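Written out below as structure tokens is the structure these notes cover.
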Amino acid sequence: TIVCILGNVGKAVCIVLLVLQLGSSGGTFPIQMTSEFFQALYPKVPFTYSIGLLREAVGGVYAPAVHRDIKILFIYFENSNPVTNLFSFS
């Protein structure tokens with residue numbers, strides 16, 4: 001949606017969002033080793049919960065953590081879906 005609306009600027013915005021999510025999700029370093037800025041973003045970005053699910057799949061499933069992560073990702077999906085439909089040009 002951002003790319004459709006903003007064109008090449010939207011691509012740059014998406015790359016910045018991707019880098020921010022990757023740095024603040026605990027996917028590259030443990031979150032305790034990152035700066036306070038990334039620690040503040042940690043619970044707010046969807047990558048955090050996706051990486052949590054990936055860790056559960058690789059290291060063994062702890063059902064309450066899986067259910068929590070799936071619920072939170074579903075909330076992100078529910079909130080982004082109407083916005084996407086609002087700006088679709090089809």
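Please read these numbers as outputs of a predicted model, since none were measured by experiment.
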In terms of hydrophobic clusters joined by side-chain contacts under 4.5 Å, are [X] and [Y] together?
X	Y	value
Ile5	Val13	yes
Ile72	Val61	yes
Val19	Ile2	no
Val9	Leu17	yes

Exercise: identify the closest heavy-atom pair between [X] and [Y]:
X	Y	result
Glu56	Tyr62	OE1-N, 2.7 Å
Thr34	Gln39	O-NE2, 3.0 Å
Val3	Cys14	CG2-SG, 4.0 Å
Ser24	Val45	OG-CG2, 3.6 Å

Has Thr48 got a side-chain atom pairing as donor or acceptor with Tyr42's backbone, closer than 3.5 angstrom?
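Answer holds: yes.
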Has Tyr49 got a side-chain atom pairing as donor or acceptor with Ser25's backbone, closer than 3.5 angstrom?
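No; judged by distance alone, with no hydrogens or angles, the pair does not exist.
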More than 12 heavy atoms from other groups under 6.0 Å of OH on Tyr76:
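Enclosed.
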Does atom CD of Glu78 have more than 12 heavy-atom neighbours, drawn from other residues, nucleotides or ligands, at distances under 6.0 Å?
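Enclosed.
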Please lay out, stage by stage, how Asn79 and Ile75 fare under the test side chain to side chain contact (heavy atoms under 4.5 Å, CB included).
CA-CA 6 Å; Asn79 290 334; Ile75 290 169; 3.6 Å; yes
Side chain to side chain, [X] and [Y], heavy atoms closer than 4.5 Å:
X	Y	value
Phe38	Phe29	no
Phe37	Leu20	yes
Leu73	Pro46	yes

Out of curiosity, Leu53 CG to His67 NE2, how far, rounded to the nearest 0.5 Å?
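Reported value, rounded in 0.5 Å steps: 10.5 Å.
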Spatial distance of atom CG (Leu54) from atom CG (Asp69) [nearest 0.5 Å]
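So the CG of Leu54 and the CG of Asp69 are separated by 11.0 Å.
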